[in-house]
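Before any comments, here is the structure.
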Amino acid sequence: MGTTFHGVSPWPHITEAIRTKGRRYAAIAYLGEDAPKLLPFRRGDVLVVNAGKAALRAHATSPTALAHYVEKGVIVMSSPKLHAKVIATDRKAVIGSANASHNSTVIIEAVAITDDPDLITSVRKFIDEIDETTEVDATFLNNAAAEWRLGRAVNVPGVTGRLHTEPDFLPSPVTRLFLWNTAEYEPSATEQREWTAQRRRHRRSAGPTAKYQLDWFRLEESGILKTGDVIVQFDDDNWIYPPAVVHSDAIAVPRSRGAVAYFLRTRLDLAPLHMADAESALANLGHPHPRLRNERRILSPRLRSDLLKLWKL
């Protein structure tokens, strides 16, 4: 086949080119609601999109399309800086200007489709190395739907204007934040096997590396936490740890007396703070007695906000 050029209306050629049995990889900035018809990805495929707050508020990326792919088992990642449109299969690569949207089918677009092995490898490498990505999961989808409902408040480059990127790590807004005294413990062999099995369900390994990791968090009773809660942990050595987001429902711990575990999503680029430094910073923000050494739910919206500011969140 070699390399072919497709201008004006390339989507029929793109859709045909990616019909293959192997895993497909794509970095396509914006998805319309009809993206699944143009880009019929399946379980195990990797899709990187721009589902940052700006893209969602501008209705450039559809939460409905994101949810479709997630339900199909596609590994969906969001990079708020993404503006590229490339696809790689085991046999072909697509490089061009086309977003996966109805708008892209009625305006003038252009792509090149190639079976050149070096170009296919280069596209795959480009997709794998996209940084500052966040996995699109149930919590992300809930937040995306909320941002979508806010309307066209922020412009998008290449669509209407300049993009202001923000991380999609925390729920928006954060309404449930807990301080928790944590201690390391050695999980049993049974619990370790359960942790490994559950981790495979909650995080797949392929494509670019996410900016966060999943940690196992055990409680001796259920009913306290729910998906999307934020936890700030502290220990007896006077360290306070960066916020983590509850990433799963309660998971029963085998052979325990009612204990449950959760996956916590944590940012890899955030460091713990010494308790004295955290207390001093909060005092400067108007919280002279923040009680950071007490396990509790923080009810004050202002304290929640200022606590997150310690990590510039």
Within the supplied structure, the quantity of interest is the number of heavy atoms (other residues, nucleotides, ligands) at a distance under 6.0 Å from His274 NE2; does it exceed 12? yes

Does Trp311 have any side chain to side chain donor-acceptor pair (under 3.5 Å) partners at least two apart in sequence or in another chain, and if so, which?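 With neighbours one apart ignored, the set is empty.
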
Side-chain heavy atoms of [X] within contact of [Y], under 4.5 Å:
X	Y	result
Thr139	Arg265	yes
His287	Asp306	yes
Arg304	Val230	no
Leu308	Leu177	yes
Leu39	Tyr69	yes
Met77	Ile130	no
Leu31	Leu47	yes
Leu313	Val174	no

Charged N-O contact under 4.0 Å between [X] and [Y]:
X	Y	answer
Arg293	Glu295	no
Asp128	Lys125	no
Arg91	Asp115	no

Where is the tightest heavy-atom contact between [X] and [Y], given as atom of each residue plus distance?
X	Y	value
Thr89	Ile18	CG2-CA, 4.0 Å
Arg23	Val46	CD-CG2, 4.4 Å
Glu220	Arg218	OE2-NE, 3.0 Å
Trp148	Ser62	CZ3-CA, 3.6 Å
Ala17	Lys92	O-CD, 3.7 Å
Ala65	Gly32	CB-O, 3.3 Å

Does the side chain to side chain donor-acceptor pair (under 3.5 Å) test come out yes or no for Thr3 and Asp116, once each step is laid out? CA-CA 7 Å; Thr3 300; Asp116 184 298; 5.7 Å; no

Under the side-chain contact (heavy atoms from CB on, under 4.5 Å) test, residues paired with [X] that sit two or more places apart:
X	result
Asn142	none
Leu225	Phe178, Trp180, Phe217, Leu219, Asp229, Ile231, Val246, Tyr262
Leu141	Leu66, Ala67, Val70, Val136

I need the [X] [atom1] to [Y] [atom2] distance, nearest 0.5 Å.
X	Y	atom1	atom2	result
Asp236	Met275	CG	CE	9.5 Å
Phe5	Ile113	CZ	CD1	10.5 Å
Ile120	Thr114	CD1	OG1	6.5 Å
Ile95	Leu119	CD1	CG	5.0 Å
Ile240	Leu282	CD1	CG	7.5 Å
Thr61	Glu33	OG1	CD	11.5 Å

Pairs in or reaching into residues 99-113: which pass salt bridge (Lys or Arg N to Asp or Glu O under 4.0 Å), with residues at least two apart or in two chains? none

Output yes when a side-chain donor or acceptor of [X] lies under 3.5 Å from a complementary backbone atom of [Y], and no otherwise.
X	Y	value
Trp11	Ala100	no
Asp45	Arg42	yes
Ser104	Ala98	no
Arg24	Pro40	yes
Thr105	His102	yes
Arg124	Ala88	no
Asp237	Trp239	no
Thr121	Pro117	yes
Asn50	Pro80	yes
Lys312	Leu310	no

If you group Ile, Leu, Val, Met, Phe, Trp and Tyr whenever their side-chain heavy atoms sit less than 4.5 Å apart, what else falls in with Ile107?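 For the cluster that includes Ile107, the remaining residues are Val106.
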
Residue pair Asp235, Tyr241: steps toward the side-chain contact (heavy atoms from CB on, under 4.5 Å) verdict: CA-CA 8 Å; Asp235 62 24; Tyr241 294 87; 2.6 Å; yes

Begin with the C-alpha distance, continue with both residues' side-chain angles, and end with the deciding distance and a verdict on side-chain contact (heavy atoms from CB on, under 4.5 Å) for Leu307 and Leu179. CA-CA 10 Å; Leu307 183 60; Leu179 286 171; 4.3 Å; yes

Does the side-chain contact (heavy atoms from CB on, under 4.5 Å) test come out yes or no for Ser79 and Thr133, once each step is laid out? CA-CA 5 Å; Ser79 175; Thr133 57; 4.0 Å; yes

Is there a side-chain contact (heavy atoms from CB on, under 4.5 Å) between Val245 and Phe140? Walk through the geometry before answering. CA-CA 11 Å; Val245 180; Phe140 189 104; over 6 Å; no

